[in-house]
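To start, the structure under review is shown below, and the notes come after it.
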Protein chains: 2
Amino acid sequence: MLDVLTAKTGRAKTGRVAATIKDVARAAGVSVATVTRALSTPELVRLDTRERVRATAAALGYHPNRAARGLITGRTGNLGLLVPDLSNPFFPGIVKGVQGRAHEADHAVFLADTDEDPAAEAGLVRKLAKQVDGVVLCSPRMPEAELRALAGEIPIALVYRRVPGTPSVTAAFLDGMRQAVSHLVALGHRRIAYVGGPRTSWANRERVRSLRAVSKTSGVELVEMGSVIPQFEGGVAAADQVIVAGVTAVIAYNDLVALGLLHRCAARGVRVPADLSVLGFDDIPLGAMVHPALTTVALPQGAAGRAAVDLLLNERQDRKERLELPTQLIVRGSTGPAEGS
Amino acid sequence: MLDVLTAKTGRAKTGRVAATIKDVARAAGVSVATVTRALSTPELVRLDTRERVRATAAALGYHPNRAARGLITGRTGNLGLLVPDLSNPFFPGIVKGVQGRAHEADHAVFLADTDEDPAAEAGLVRKLAKQVDGVVLCSPRMPEAELRALAGEIPIALVYRRVPGTPSVTAAFLDGMRQAVSHLVALGHRRIAYVGGPRTSWANRERVRSLRAVSKTSGVELVEMGSVIPQFEGGVAAADQVIVAGVTAVIAYNDLVALGLLHRCAARGVRVPADLSVLGFDDIPLGAMVHPALTTVALPQGAAGRAAVDLLLNERQDRKERLELPTQLIVRGSTGPAEGS
DNA sequence: TTGAAAGCGGTACCAG
DNA sequence: CTGGTACCGCTTTCAA
């Protein structure tokens, strides 16, 4: 077999040339057409031929070149995935979901991290466009108009963002918020702070909207503390204002911010949950590792990623598919009875 | 221009077909050969032709199809990246480094997460092989023989693993361990436990080796506690044995394990660092967020990723390049004076 | 300086 | 059931 390979390319170096379909055809004594069929449409090839071809293919370590195949079929077998920041433990969960589902469907995935830079998003997607069958955009920060333009150029599935006419996977924020507030109300809290995330974040807008609605119907007083970066440091920075806001509980944009609040409270000697209850969003693994462990509204991560891939791959006629996955409050140590209740 | 496109493909639907080099050639009134040249070897084309071609290309929104190009040039402009587990916050740091450097070099990156399954590694790499110019293997768990075989099939760069003859990026474990032990010795510790990681992990073997060497020369007594999974749960599980091991300090395979130790100690009422000092490896962001904050040996993450890409891309003749990046002890709250010292 | 044509590795159609 | 062949989009000789 080595002879075949080296003869073919003229390289005498090593056996390091990948076998092509021609090599297999020659070695198996059939035409290239038969090789393709034996591999992709076995029922069109007589059993013994098929077996022979497959055996030689295996022996030569042959794997069809996906790029070449894509050239003619128009399908690449690749997916793109865009995330704002891989450092936020929320996203690896989604990435793993996308990867898992993509691999099951025999697709490889390109990953791009935008470093929370909305301006970089569209460019990255366009660069990948030619090499993928579609791209999953995770919490994209770009303006809706730009998103629409992109959706016209390449199949897109949104995760944690909703845009009319574009397939998307989100979670039941309103219901999650209801669970969160009910929990706090049951513990006797009546005045609650909210530390917000990026204004360009759709998820933040949704949370604020839900929270306002729920507060009204639950009769709790809501104190909005403004926006911070969706990271630990954001929470640390917001903590001191929360402490003097006269609230007994605080809901953070996400777990990372909540962890920042927890950290600063500990440093300031504010006891959690005795003096202040803290509640996050996301349910990142980290939340269960700290002390006190973080009460949070769990958002689907792996499941969201998998669903997004399905949206992209399943040739649903209806391209405006909209999925809303359930959310679940996870009660842990960072929330407790309100002072004096 | 739309006419051209639709005429070409016969699709009357939308303008959603990507312009090909032929479209540009036709529109600019030149041959396809000239278009390629105008775009990739401008000096071979007369100025005005060049300009005309470029203008039409821009107008049509033309971008060469990288897959097709790769077919003939043999270079894809893509890189592969394999990580054992994206949930371990150590890896996103490396991924970001690889991505950053790859994008600077105008390369896109395929990411594959093996879920700590050594058996899956080789297969994933081979699947990507045809579509990439090389792959970065991050802490691969597969046996060395298999790694060697792979290296014969496709350019490879190793991160946190060393195999003779294969380019790799690692860190100065021995020096890091020396810093760690010196620190503990200075605090009065004389009997130190080590909670190990996966036996298939090269990094773990290196740490053990370094630790043994350093212990001997520092006159500390080393108590090896066996292997655990390199995660939070592993640390939690090992904690009780550490507590009864009669040591005043423990070094963990990595930060996640150290965090697990911290967690279980808190639950058991073992005070850190008063009763037990805990020291990790990696320096994941998480370590600074917990209380007490984790003392750790920082391993380069982004820098390691970037270096690996350089190794892959730079046409160094010497393909057995071996990089060893520095390590640095980060002292935080989880280590303190030994009991009674 | 430019164009024609030969592939790169596959797939799909058309005969046989 | 199998082989021949055109062609996917692009680059690269080879001539003109």
Side-chain angles (χ1 to χ4, degrees), chain A residues 4-5 8-11 17-54 56-57 60-78 106 129-133, chain B residues 4-5 8-11 17-54 57 60-78 129-133:
Chain A
V4 176
L5 295 179
K8 186 198 143 282
T9 59
R11 299 187 221 174
V17 245
T20 78
I21 197 172
K22 281 186 190 169
D23 298 320
V24 179
R26 207 169 311 161
V30 296
S31 73
V32 293
T34 302
V35 177
T36 321
R37 290 191 202 104
L39 267 24
S40 19
T41 22
E43 63 278 11
L44 297 183
V45 178
R46 210 197 323 145
L47 183 64
D48 59 332
T49 324
R50 184 199 308 168
E51 288 311 329
R52 185 158 36 96
V53 172
R54 292 197 143 166
T56 26
L60 295 180
Y62 169 75
H63 289 278
N65 181 324
R66 301 179 81 131
R69 172 189 302 192
L71 217 46
I72 183 135
T73 60
R75 313 197 70 253
T76 62
N78 293 150
D106 201 36
K130 291 290 201 325
Q131 301 193 81
V132 300
D133 296 334
Chain B
V4 177
L5 295 179
K8 185 197 144 282
T9 60
R11 301 189 220 173
V17 244
T20 79
I21 197 172
K22 280 186 191 169
D23 299 319
V24 179
R26 208 168 312 162
V30 296
S31 73
V32 293
T34 301
V35 177
T36 328
R37 292 194 197 102
L39 266 25
S40 17
T41 23
E43 62 277 14
L44 296 183
V45 177
R46 209 196 324 145
L47 184 64
D48 61 332
T49 325
R50 183 199 310 168
E51 289 309 330
R52 184 157 38 97
V53 172
R54 293 197 143 166
L60 295 179
Y62 170 75
H63 288 280
N65 180 325
R66 300 177 82 131
R69 173 188 304 197
L71 215 46
I72 182 139
T73 60
R75 312 197 71 254
T76 62
N78 294 149
K130 293 291 203 324
Q131 301 194 81
V132 300
D133 295 335

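Note: hydrogens, waters and symmetry copies are ignored here, and every other heavy atom, side chains too, is used. Residue numbering restarts at 1 for every chain, and letters A, B, ... go by the order of the sequence lines. The shown structure was predicted, so the numbers you read here are calculated from the model rather than taken from an experiment.
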*Given atom CG of A/Asp23 and atom P of C/dG9, what is their separation to the nearest angstrom?*
8 Å
_Length of the line joining A/Ile72:CD1 and C/dC8:C1', which is rounded to integer Å_ = 13 Å
_5′-ward residue of the pair A/Ala68/A/Leu44 relative to DNA chain D_ = A/Leu44
*Between D/dG9 atom C1' and A/Arg66 atom CZ, what is the distance in whole Å?*
19 Å
*Could you give the CZ-to-C1' distance, from B/Arg52 to C/dT1, as a whole number of Å?*
12 Å
*Is the distance from OP1 or OP2 of C/dT11 to the nearest side-chain N or O of A/Thr36 less than 4.0 Å?*
yes
_Using OP1 and OP2 only, check whether a side-chain N or O of A/Lys22 sits under 4.0 Å from C/dC8._
yes
*asked:* Looking at every heavy atom in both A/Tyr62 and A/Ile21, which two are closest together, and how far apart are they?
replied: CE1-N, 3.4 Å
*State whether B/Thr34 places a side-chain N or O below 4.0 Å from either non-bridging phosphate oxygen (OP1 or OP2) of C/dG3.*
yes
*Let me know, please, whether B/Pro64 or B/Arg37 comes out on the 5' side of the other along DNA chain D by nearest nucleotide.*
B/Pro64
*Would you indicate whether the side-chain heavy atoms of B/Gln131 and A/Thr76 approach each other to under 4.5 Å?*
no
*Check the distance between D/dT2's P and A/Glu43's CD and give it to me in whole angstrom.*
13 Å
*Between B/Arg69 (CZ) and C/dG9 (P), how many Å, whole number?*
18 Å
_Quick check: do A/Arg37 and A/Thr34 have side-chain heavy atoms less than 4.5 Å from each other?_
yes
_For the student: nearest non-hydrogen atoms of A/Arg54 and A/Pro42, plus distance_ = NH2-CG, 3.7 Å
_Short side-chain N/O contact to D/dT2 OP1/OP2 from A/Thr49, under 4.0 Å_ = yes
*Can you tell me how far P of C/dG10 sits from NE2 of A/His63, to the nearest Å?*
11 Å
*DNA chain C: B/Val45 or A/Asn65, which has the more 5' nearest nucleotide?*
B/Val45
*asked:* I want to check one thing: is the phosphate of D/dC1, taken as OP1 and OP2, less than 4.0 Å away from some side-chain N or O of A/Arg46?
replied: no
_Categorize A/Val30 for me: base, sugar-phosphate, or nothing, with a 4.0 angstrom heavy-atom threshold over every strand shown._
sugar-phosphate
*Taking only N and O in the side chain of A/Ser31, is any of them less than 4.0 Å away from OP1 or OP2 of D/dG3?*
yes
*What integer distance in Å separates B/Arg26:CZ from C/dG3:P?*
14 Å
*Pairwise side-chain contact, B/Val35 with B/Val30, heavy-atom cut-off 4.5 Å (strictly under)*: yes
_Side chain of A/Ala33 (C-beta onward), nearest among C/dG10, C/dC8, D/dG3_ = D/dG3
